[in-house]
There are 2 protein chains.
Amino acid sequence: MKILIIEDEKTLSDSIVDYLDGEGHLCEVVYTFEEAVEKIELYQYDCIVVDINLPDGSGLDLIRLIKKRSITVGIIIVSARNSLDNRIEGLEIGADHYLTKPFHLSELNAHLKSIHRRISFNGSNELVLNEIRLIPDEHRAFVLENELVLTKKEYELLLFFISNKNKIITKAGLAEHLWGDHMDAADSYDFIYTHIKNLRRELLKKGCKDYIKTIYGLGYKFDLT
Amino acid sequence: MKILIIEDEKTLSDSIVDYLDGEGHLCEVVYTFEEAVEKIELYQYDCIVVDINLPDGSGLDLIRLIKKRSITVGIIIVSARNSLDNRIEGLEIGADHYLTKPFHLSELNAHLKSIHRRISFNGSNELVLNEIRLIPDEHRAFVLENELVLTKKEYELLLFFISNKNKIITKAGLAEHLWGDHMDAADSYDFIYTHIKNLRRELLKKGCKDYIKTIYGLGYKFDLT
DNA sequence: CACTGATCTTACGAATTAATAAAGATAAAG
DNA sequence: CTTTATCTTTATTAATTCGTAAGATCAGTG
């Protein structure tokens, strides 16, 4: 999942990022209310983890903004205050979970999983698309009953394709989502060819139609039409 | 989209162009205030990306000029200065977004997308014209339920026709919008015939009426009357 | 109706972009 | 520390698109 962390205590945000990276998520961090607003308006995240006490504003206001703009994103509030008021207010305006500092990172992770389940598949814990079936919890993928043998990048690639089915995805867009924003324009995206090729081969090997269409000069499209 | 980049640091402008080309945009670059004024008065752009510090003037003045002339164009400011003043002034006089150097190209792209959304369609993300339907976000076009198979140029051509429906379009006008300023006045525009023909054939193949009327001696018209 | 210039059509080659394979680098596991 | 798996780079081959050129056709004009 792509997660935005809004937390001004650098020690905490660092350790969150470390942990979630290890869990296979892609994290970005901002330290202020203002930065958060900008990020949220420009990019799409699966989930945000937001501290209520920010140096230049309240996390609750950020949530209000998100709801006003009808942005769909999982929301986990983190706060030192443990007042019941805050908790209730947070959940009332649309947050999904509330964590009181200090908390165990595994708690955060559990909440994330619950959000993941909710957004990825409606209740079920599988993601089915024609003959393809993903079990994100377990990082596994099937074509009918055959399990695909995928590396992490290949799995992420497939997941990204599936969650953007029928849309054209540029190589830069792929790079941004799978490799984060640490890419330079000078870099070439040649390695993507390799991953695409490997994913295609594995899908084909397990008897899957080639849904990954190349859009010459632009990118790729996972085409189910 | 057709985008004018006004940035005197050649390294930066080059990498911007590279990136945006990859995203399917058409870019032109100028390096000075004066050149920018000239371009803006002569041609039409969907968006400009303007550095505030230009060798012969201020990007802010350029924006003022644009507003004074009531030219409609998306404006993204790029600046090394991070003073709040500049930012506020830029946005106040009518810029849409502000980027502080250094920035990631994906950020710029996100801003462009937001502008694109605003100008392309009012709320909806489809562009419907009789039996033709465009989804600019996805670079796709349909005739009723049949998807058209178009190359980049063909798609752009169709989009340009549609956004200038019922207007006469000269070959020079077409060349300017689809090929930018990389054309010499001495060049002939014969290659346009080929693209027009290919587009017509694909439209016809998918059962579309021939809306592209030839105006002998003048150009073309996408005629819906 | 024939002439002229504009437009259409077709086919081909250069340039760009993508796919593949294999080697090298990096990271994870034993 | 060694081994293994995964990721990235590099080089080669294949595919697609764009634009050119040349001939055919069409519209306007005297």
Letter per nucleotide, 5' to 3', of nucleotides 5-14 of chain D [B base touched, S only sugar-phosphate touched, - untouched; heavy atoms, 4.0 Å]: -SSBBB----
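With a 6.0 Å radius and a threshold of 12 heavy atoms from other residues, nucleotides or ligands, A/E107 has its CD atom above the threshold. Counting heavy atoms of neighbouring residues, nucleotides and ligands inside a 6.0 Å radius, atom CD of B/Q44 does not exceed 12 of them. Other residues, nucleotides and ligands contribute more than 12 heavy atoms inside 6.0 Å of the NZ atom of B/K206.
Residues B/E28 and B/Y43 have side chains that never bring a donor and an acceptor to within less than 3.5 angstrom of each other. At a cut-off of 3.5 Å, with distance as the only test, no side-chain donor of A/Y216 or B/K152 sits close to an acceptor on the other residue.
The nearest heavy atom of DNA chain C to B/I215 and to A/T214 marks one nucleotide each, and the one closer to the 5' end goes with B/I215.
At whole-Å resolution of the value, OH in A/Y220 and P in D/dT16 are 13 Å apart. Rounded to whole angstrom, the span from the NZ atom of B/K197 across to the C1' atom of D/dA24 amounts to 13 Å. The OH atom of B/Y193 sits 17 Å away from the P atom of D/dT25 (whole-angstrom rounding).
Residues A/W179 and A/F191 place their aromatic rings such that the two centres sit under 6.0 Å apart.
Counting 5' to 3', DNA chain C first comes under 4.0 angstrom of a heavy atom of chain B and last does so at the ends given by C/dG5 to C/dT10.
Note that A/K165 lies outside the cation-pi zone of A/F222, set by a 6.0 Å cut-off to the ring centre and a 45° limit from the axis.
The existence of a salt bridge linking A/E202 and A/K197 is excluded, since no basic side-chain nitrogen approaches an acidic carboxylate oxygen closer than 4.0 Å.
If you check every strand for non-hydrogen atoms under 4.0 Å, B/R200 touches sugar and phosphate atoms only.
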